[in-house]
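Below: the structure, in structure tokens.
Both ligands and their constituent atoms are indexed starting at 1 by order of listing.
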Amino acid sequence: MIRARPLTSEHPEDLILAFRRMGLTEPTQRALLETLPFTRLLLTGLLPQDEAFLQTLSEAFPEWLPGDVHSRSGTGLLTGRAEQFQRLVTAARADARGLSALASAVASALAAGVAPAVLTLGERRFEWGSRTYVMGVVNVTPDSFSDGGRHAGTDAAVAHGLALAEAGADLLDVGGESTRPGSLPVSADEELARVIPVIEGLRARTDVPLSVDTTKAAVAREALKAGTHLINDITGFSSDAGLPRVVAEAGAACCLMHIQGTPATMQQAPRYDDVVEDVLAFLEAAILRAESAGIPRGRILLDPGIGFGKTFEHNLFLLRRLPELRVLGLPLLVGTSRKGFLGRLAGGKPASERLAATLGSVASMAALGGADVVRVHDVTEARDALAVADAIRRCEDGGTFYAR
Ligand code: 9MG
């Protein structure tokens, strides 16, 4: 599988600001945007015919730097301007050697900055790229990542969900099976007994879209009948082969998360050759399972699965390189709330004292443009942190010289 990942952090918005400061007209700005942005793509998985094609590129195309032929054949770096990359896509598509995979990989990487299509869940529209949305966590488990059974009773869980909705949650994620490291699965009957009354209670009292965190078709089927809009599968449709079809038939949306191993074993010895690439490959396979069952691409969200079969460094590296996952063209949901790596960064704090660290992670993701949705326990505080980070990231008023 050929993969092209953008390594540049250059944003076209920044160039437009520079053009305005220079007093250039809008047609000139548009023309320059075609030629100026400089892009670097890391390519992996190339076949010999792709490499042969790249080696013969003239100056009209991006510059090609191959990887080490002995240890890393099939890899390399393409460097150039947007128009040169467009020319490469066209030439690869037309090449008789069959280079369509190369053309598609480069085209997807070039489109990584384009916002995914709008998603409607119930009454709400999610306009990706306009701000970072917030998913509130409603755990209905005796042992959760951090709640330890505090919301075990249905009434308490419903009241908690309503409070999160009131605090500005865009989506509520109800979960009846712990996904905490070391946790064991529960039966579908037990999970249903935990989540269905909570979903029904919330559905009757709020129009905030509901998500259910489950890996089981039997649970999803009942949850969808009870008014859930999205199925959040922490195994990316790799646990229950019947689950994608249940989601498709209900016309629901799904979040497909990456995990290495199972919650019971995932933290024992996580290992990757290239964590970003391995997560991309897993998510691509998950998208294929979803699409084959009839789920439209526009109803899929992706999640790198922070803390799910990842070391401390894997988590941090993935968070820093989240924009590389945008080559898949789908919105990204990320959960860091109160997780162990934040406790370690904050000097060993327990889950109950990780709010500030959580807000640091949420604001960083927003500033880096990494996440479209963040999954959090503390909605009020996350909304405030995101209001600040999103506003700083989008602010364009640098005085009269920058005005349109
Ligand atoms: C259920 N659950 C716990 N952590 C999660 C995360 O990071 N992402 C998603 N999608 N679900 C999660």
For this session: For the pair Phe85 and Thr90, evaluate side-chain contact (heavy atoms from CB on, under 4.5 Å) and give the outcome as yes or no after the intermediate values.
Result: CA-CA 9 Å; Phe85 277 101; Thr90 308; over 6 Å; no

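Short contacts between ligand 1 and Gly335, defined as distances under 4.0 Å to a heavy atom of the residue, involve ligand atoms 7 (O). Residue Leu333 has at least one heavy-atom neighbour below 4.0 Å for each of these atoms of ligand 1: 10 (N). Heavy-atom proximity to Asn232, at under 4.0 Å, picks out these atoms of ligand 1: 9 (C), 10 (N), 11 (N).
Looking at Thr358, Ile306, Val137 one by one, the single match for side-chain contact (heavy atoms from CB on, under 4.5 Å) with Ser337 turns out to be Thr358.
Taking only nitrogen or oxygen atoms, main chain and side chain alike, Asp173 does not reach within less than 3.5 Å of ligand 1. No N or O atom of Asp213 sits closer than 3.5 Å to an N or O atom of ligand 1.
Here Lys339 has side-chain heavy atoms under 4.0 Å from ligand 1, and that is the only part of it that gets that close. At a heavy-atom distance under 4.0 Å, no atom of Thr336 approaches ligand 1. Contacts between Val334 and ligand 1 below 4.0 angstrom, taking non-hydrogen atoms only, are absent altogether.
Looking at Thr235 and Asp233, their side chains do bring a donor and an acceptor atom within 3.5 Å of each other.
The salt bridge (Lys or Arg N to Asp or Glu O under 4.0 Å) search around Lys216 returns Glu177, Glu191, not counting sequence neighbours. Applying the salt bridge (Lys or Arg N to Asp or Glu O under 4.0 Å) rule to Asp274 yields the partners Arg5; only residues at least two apart in sequence or on another chain are considered.
Atom-to-atom distance recorded for Ile16:CD1 and Glu396:CD is 7.5 Å, nearest 0.5 angstrom.
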